[in-house]
K.L.:
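Could you have a look at this structure, given as structure tokens, before my questions?
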Amino acid sequence: MMSNQVTSVTYTLDRPRNFIFDLNAMVELEGVYGSYQEALDVLKGGKIKDVITWLWAGFVHEEQTLTIQEMGRILSATDPDIVAKLGDELLNVASRGRLL
């Protein structure tokens, strides 16, 4: 039986932020891309805009007014090693073709 527990990972960006990728994050991505499958497909392309959008979907739960553009500004001011780690983790998700 699969656990319904959602994992939160804290990253220090402009401040400590909790990354949660749950069904709500998937709904946010559907709003941007039209479907979760399309969101997965574009993430596999590795474009920076799409990586930022995916990260935004995982952080927006803490700050509903956070925009994708603001997420880009936050990431621009963040330690590049942290941003690279986040991007690598997302691309790993996309390569598996599923999150859960």
Side-chain angles (χ1 to χ4, degrees):
M1 183 174 196
M2 213 172 153
S3 170
N4 288 332
Q5 183 177 2
V6 174
T7 302
S8 172
V9 180
T10 301
Y11 291 96
T12 301
L13 304 178
D14 57 330
R15 62 178 173 77
R17 291 182 180 263
N18 296 306
F19 185 83
I20 297 176
F21 205 87
D22 60 3
L23 289 175
N24 291 320
M26 291 180 191
V27 168
E28 295 288 355
L29 289 171
E30 284 182 345
V32 173
Y33 294 105
S35 73
Y36 183 67
Q37 185 59 53
E38 181 64 21
L40 276 173
D41 292 343
V42 298
L43 182 60
K44 290 176 188 177
K47 291 183 179 178
I48 294 170
K49 178 181 179 180
D50 298 318
V51 171
I52 291 170
T53 301
W54 271 71
L55 292 173
W56 163 81
F59 288 114
V60 72
H61 68 93
E62 287 188 331
E63 186 179 333
Q64 289 296 310
T65 59
L66 182 68
T67 66
I68 296 168
Q69 290 75 23
E70 289 169 336
M71 186 83 255
R73 280 192 291 278
I74 290 167
L75 293 169
S76 293
T78 299
D79 179 341
D81 290 337
I82 293 172
V83 176
K85 180 180 178 183
L86 285 164
D88 288 345
E89 290 173 3
L90 286 178
L91 292 173
N92 185 31
V93 166
S95 71
R96 289 192 322 254
R98 59 183 172 78
L99 176 68
L100 304 172

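Only this structure's heavy atoms are used, side chains among them; waters, hydrogens and symmetry mates stay out.
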K.L.:
Just to verify, what does T12 make a side-chain hydrogen bond (donor to acceptor under 3.5 Å, both in side chains) with, not counting sequence neighbours?
P.N.:
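Counting only residues at least two positions away or on another chain, T12 forms no side-chain hydrogen bond (donor to acceptor under 3.5 Å, both in side chains).
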
K.L.:
Find out if a path of hydrophobic residues (ILVMFWY) with successive side-chain heavy-atom gaps under 4.5 Å connects M26 to V9.
P.N.:
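Yes.
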
K.L.:
Could you tell me whether the side chain of L13 reaches within less than 4.5 Å of the side chain of L86, counting heavy atoms only?
P.N.:
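Yes, side chains in contact.
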
K.L.:
Parallel under 30°, tilted from 30 to 60°, perpendicular over 60°: which one fits the rings of F19 and Y11?
P.N.:
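Because their plane-to-plane angle is over 60°, the rings of F19 and Y11 count as perpendicular.
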
K.L.:
Taking salt bridge (charged side-chain N to carboxylate O under 4.0 Å, His left out) as the definition, give me every residue that meets it alongside E62, ordered by chain and number, with sequence neighbours left out.
P.N.:
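Here the qualifying residues are R15.
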
K.L.:
First locate atom CG of N24, then atom CG of D22, and finally report the distance between them rounded to the nearest 0.5 Å.
P.N.:
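If we round to the nearest 0.5 Å, N24:CG and D22:CG are 4.5 Å apart.
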
K.L.:
Show the atom names and distances, to 0.1 Å, of all donor-acceptor pairs under 3.5 Å that link a side chain in residues 71-85 to residues at least two apart or in another chain.
P.N.:
| from | atom 1 | to | atom 2 | distance (Å) |
| --- | --- | --- | --- | --- |
| S76 | OG | G72 | O | 2.9 |
| T78 | OG1 | I74 | O | 2.7 |
| D79 | OD1 | D81 | N | 2.8 |

K.L.:
Under the salt bridge (charged side-chain N to carboxylate O under 4.0 Å, His left out) rule, what pairs show up with a residue in residues 28-39, not counting sequence neighbours?
P.N.:
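Qualifying pairs, neighbours excluded: none.
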
K.L.:
Which residues pass the side chain to side chain contact (heavy atoms under 4.5 Å, CB included) test with T10, sequence neighbours left out?
P.N.:
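With neighbours one apart ignored, the set is P16, N18.
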
K.L.:
For Y33, enumerate each residue passing the ring pair (Phe, Tyr, Trp, His ring centres under 6.0 Å) test, keeping only those at least two apart in sequence or located in another chain.
P.N.:
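Listed in chain order: nothing, the list is empty.
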
K.L.:
Give, for atom CG of D41 and atom CG of D50, the distance between the pair rounded to the nearest 0.5 Å.
P.N.:
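Result: 11.0 Å between the selected atoms.
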
K.L.:
With sequence neighbours left out, what residues match V32 under side chain to side chain contact (heavy atoms under 4.5 Å, CB included)?
P.N.:
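Applying side chain to side chain contact (heavy atoms under 4.5 Å, CB included) to V32 gives T53, W56, I68.
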
K.L.:
Do side-chain atoms of E63 reach the backbone of F59 as a donor and acceptor pair under 3.5 angstrom?
P.N.:
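A pair under 3.5 Å: no.
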
K.L.:
Mind checking salt bridge (charged side-chain N to carboxylate O under 4.0 Å, His left out) for D14 and listing every partner two or more places apart, or none if nothing turns up?
P.N.:
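Testing D14 for salt bridge (charged side-chain N to carboxylate O under 4.0 Å, His left out), a comparison that skips the adjacent residues, returns R17.
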
K.L.:
Looking only at atom types and distance, does a side-chain atom of W54 sit under 3.5 Å from a main-chain N or O of L29, one as donor and one as acceptor?
P.N.:
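Side chain of W54 to backbone of L29, a donor-acceptor pair under 3.5 Å: no, none is there.
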
K.L.:
Check A25 against A57 and note the closest heavy-atom contact, atom names and distance.
P.N.:
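Minimum heavy-atom contact is CB-O, 3.3 Å.
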
